[in-house]
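To start, the structure itself, in structure tokens.
When a ligand or atom number is given, it counts from 1 through the structure's own listing order. Side-chain atoms are counted along with the backbone in the values below, which use heavy atoms only and exclude waters and symmetry mates.
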Amino acid sequence: MKIEILDDHETLSQQAAGRIVGQVRAQPASVICCASGDTPRRMCRIVADEIARQHVDFGRVALIGLDEWLGIDPSNEGSCHYFFRNEVLHPWKLREDQIHLFDAFAHDPLVECRKMDQLIRERGGLDLMIVGIGMNGHIGFNEPGQPFDLYSHVADLDKTTRSVGQKYFKEKTVLTQGITLGLQHLLEAKEVILMASGSAKVDVVARALTGPVTEQMPASVLRRHANATVMLDKEAAARVL
Ligand code: F6R
């Protein structure tokens, strides 16, 4: 695992966007998984600008959404669906068939999980996975205490995730479960980038990178990955410098 420290969120976003564009240039049929949330939002816009500026062909990319809140309507602006439609699908000019998101209303969420696992397997695994880190160290909705060796699964959301998650919603929203790729997907991805920025993440980043590798701190799993890069801005990196 490598650590890259960038000046600020803008530079971090440019760096991560450059890695996505570079990946697609090198391998047009890449399978890319991306988190939603505040951290990658700017990166997604830069990717859109670069696609237009450099005329990069994203027509063979498969884009996989890392997770979704179970039971939250795709039209709700706090949903991961909403993020991917507005920040990725349209701006990157992808076709509907190129984007694969968990159905928050799947009749049987476990079947939905197996479908996602099968899709990833059939495409030859994830080429690039871009993730964030939650205030409790989660990646996707892999909450503290969940095993590292899970593929897609339904997760009971931890108290921190339920309260921090309110920032995405206009109104107070009951968040109880999520559906998410597992950390086994991350361990098997050919390349992983974890982005973190801002002073609020300073403690959790330090614990993930310098504390024990443990299922109690999901993001510490990155230290078991041979081709992982943690991209931090200076604020988030203050205790790992
Ligand atoms: C969202 C996701 C979450 C976030 C994490 C950080 O799809 O997978 O794990 O990456 O909670 O969220 P932000 O970037 O909003 O601080």
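The residue among Thr39, Ile139, Ile133 with a heavy atom at the shortest distance from atom 6 (C) of ligand 1 is Ile133. Summarising the contacts of atom 10 (O) of ligand 1 with Gly132, Ala196, Cys80, the nearest heavy atom is found in Gly132.
Residue contacts with ligand 1, taken as heavy atom pairs separated by less than 4.0 Å, involve Asp38 via backbone and side-chain atoms alike.
Side-chain atoms of Asp117 and His185 form a donor-acceptor pair, as typed in the model, at a separation below 3.5 Å. In this model, a donor atom of one side chain and an acceptor atom of the other lie less than 3.5 Å apart for Thr161 and Glu143. Side-chain contact of Arg25 with Gln54: a donor-acceptor pair under 3.5 Å is present, judged by distance alone. For the 3.5 Å distance criterion, the side chains of Gln184 and Asp149 fail to qualify, holding no donor opposite an acceptor. In this model, no donor atom of one side chain and acceptor atom of the other lie less than 3.5 Å apart for Tyr151 and Gln118. Side-chain polar atoms of Ser30 and Gln23 form a donor-acceptor pair below 3.5 angstrom.
Proximity to Lys167 (heavy-atom distance under 4.0 Å) selects the following atoms of ligand 1: 13 (P), 15 (O), 16 (O). If you number the atoms of ligand 1 from 1 as listed, the ones under 4.0 Å from a heavy atom of Leu66 come out as 8 (O).
Annotation: atom 11 (O) of ligand 1 to nearest protein heavy atom, His138 NE2, 2.7 Å. Looking only at heavy atoms of the protein, atom 16 (O) of ligand 1 is closest to Lys201 NZ, 2.8 Å. For atom 1 (C) of ligand 1, the nearest protein heavy atom (residue, atom name, distance) is Ser36 O, 3.4 Å. Of the protein's heavy atoms, Tyr168 OH, 2.4 Å lies nearest to atom 15 (O) of ligand 1. Counting protein heavy atoms only, atom 9 (O) of ligand 1 is closest to Gly140 O, 2.9 Å. Protein heavy atom at the shortest distance from atom 2 (C) of ligand 1 is Asp67 OD2, 3.2 Å.
An N or O contact shorter than 3.5 Å is missing between Phe141 and ligand 1 by distance.
Between Met135 and ligand 1 there is no heavy-atom distance shorter than 4.0 Å. Note on ligand 1: Met195 sits outside its first shell, no heavy atom being nearer than 4.0 Å.
Using bins of under 30°, 30° to 60° and over 60° for the plane-to-plane angle, the ring pair Phe58/Trp92 lands in the perpendicular bin.
In plain terms, the two heavy atoms of Asp7 and Lys234 that are nearest each other are OD1-NZ, 2.9 Å.
Not a single salt bridge (charged side-chain N to carboxylate O under 4.0 Å, His left out) links Glu215 to another residue, sequence neighbours left out.
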